[in-house]
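Here is the structure we will look at, set down as structure tokens.
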Amino acid sequence: MEKTFETVNEQQTQKLGEVLGKLLYPGDFLALKGDLGAGKTAFTKGIAKGLGISDDITSPTFTIINEYAGKIPLAHMDAYRLASPEELENIGFSDYLSDFVVVLEWADKVQQLLPENVIWIDFKVLNEGVRQIYFKSDCKHYDEIMQELKI
Ligand code: ADP
Ligand code: MG
């Protein structure tokens with residue numbers, strides 16, 4: 001299934017993330033892609049809120065993985081600065097796959113590490129405040145989640 005949204009400000013992107021966050025389960029994996037400043041981290045802030053996490057979400061660009069406790073815990077990862085996919089494996093990537101919701105920014109840089117079933121979410125800057133957010137999944141579990149997704 002594929003689904004496309006357009007948001008007109010950061011709050012709306014966060015809200016879409018929050019709606020999605022409420023539909024997720026431990027073990028779910030969101031593979032985010034799109035240019036710097038396209039809204040991946042903003043969206044992840046909403047996901048965290050939807051998971052019942054009240055901590056401030058900061059970009060994991062330098063830390064690579066940030067984890068947050070919640071009703072369902074969140075692992076927020078960023079592959080932007082990685083020299084190789086192995087670097088992400090070495091800092092424990094696979095430890096998060098079953099008990100956390102995992103959100104990975106720049107997932108296209110580490111394709112070979114990804115689990116078989118993920119939701120791909122592609123962020124594009126349309127103009128200053130406007131972002132196109134395109135969702136794609138190939139499995140029934142995520143199709144059911146995406147069906148519920150709305151702004
Ligand atoms: P990324 O993680 O993809 O590099 P960020 O979420 O950190 O991007 O930054 C997105 C930037 O774009 C923020 O400064 C935000 O205020 C701005 N912005 C403008 N319009 C939007 C929108 N519709 N959705 C998300 N962010 C937006
Ligand atoms: Mg980011």
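The structure displayed is predicted, hence computed values, not measured ones. The chain is numbered in sequence order, starting from 1. Numbering of ligands and ligand atoms starts at 1, following listing order.
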| message | So for ligand 1, is G37 a polar contact partner (N or O within less than 3.5 Å, distance only)? | response | yes
Inter-residue atom distance [X].[atom1] - [Y].[atom2], 0.5 Å rounding:
| X | Y | atom1 | atom2 | result |
| --- | --- | --- | --- | --- |
| T4 | Y134 | OG1 | OH | 6.5 Å |
| W120 | L30 | CH2 | CG | 11.5 Å |
| F93 | L104 | CZ | CG | 6.0 Å |
| E105 | F43 | CD | CZ | 10.5 Å |
| T41 | H76 | OG1 | NE2 | 4.5 Å |
| L97 | D28 | CG | CG | 11.5 Å |

Please list the nearest protein heavy atom to [atom] with its residue and the distance rounded to 0.1 Å.
| atom | value |
| --- | --- |
| atom 24 (N) of ligand 1 | T13 OG1, 2.6 Å |
| atom 22 (C) of ligand 1 | R131 CG, 3.2 Å |
| atom 13 (C) of ligand 1 | E10 OE1, 3.9 Å |
| atom 6 (O) of ligand 1 | A42 N, 2.9 Å |
| atom 7 (O) of ligand 1 | T41 CB, 3.6 Å |

| said: Quick test of your reading of the structure: of G39, G34, G129, S59, whose heavy atom lies closest to atom 5 (P) of ligand 1? | reply: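 Of the listed residues, G39 has the closest heavy atom.
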| task | Assess E128 for proximity to ligand 1: is some non-hydrogen atom of it under 4.0 Å away? | result |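 Yes.
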| Does ligand 1 have an atom under 4.0 Å from some heavy atom of L32? |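 No; L32 lies far enough from ligand 1 that no heavy-atom distance drops under 4.0 Å.
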Are [X] and [Y] side-chain neighbours, meaning at least one heavy-atom pair lies under 4.5 Å?
| X | Y | answer |
| --- | --- | --- |
| F135 | I145 | no |
| K33 | I121 | no |
| H141 | N117 | no |
| R131 | F123 | no |
| D35 | V125 | no |
| Q12 | F5 | no |

| note | Checking heavy atoms under 4.0 Å, the part of T7 that sits near ligand 1 is both
| query | Using a heavy-atom cut-off of under 4.0 Å, does the side chain or the backbone of Q12 touch ligand 1, or both, or neither? | reply |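 Contact part for Q12 vs ligand 1: neither.
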| request: Check the Mg ion (ligand 2) and write out every protein N, O or S atom at under 2.8 Å, as residue and atom. | output: T41 OG1, E105 OE1
Find all atoms of ligand 1 within a distance of less than 4.0 Å from any non-hydrogen atom belonging to [X], and give their numbers and elements.
| X | result |
| --- | --- |
| E105 | 2 (O) |
| D35 | 3 (O) |
| K40 | 1 (P), 2 (O), 3 (O), 4 (O), 6 (O), 8 (O) |
| L36 | 4 (O) |

Could you go through residues 45-71 and list every donor-acceptor pair under 3.5 Å that involves a side-chain atom there, pairing it with any protein atom two or more places apart or in another chain?
| residue | atom | partner | partner atom | Å |
| --- | --- | --- | --- | --- |
| S59 | OG | T61 | N | 3.3 |
| S59 | OG | T61 | OG1 | 2.6 |
| T61 | OG1 | D78 | OD2 | 3.2 |
| T63 | OG1 | N66 | OD1 | 2.7 |
| N66 | ND2 | T58 | O | 3.1 |
| E67 | OE2 | Y96 | OH | 2.8 |
| Y68 | OH | T58 | N | 3.3 |

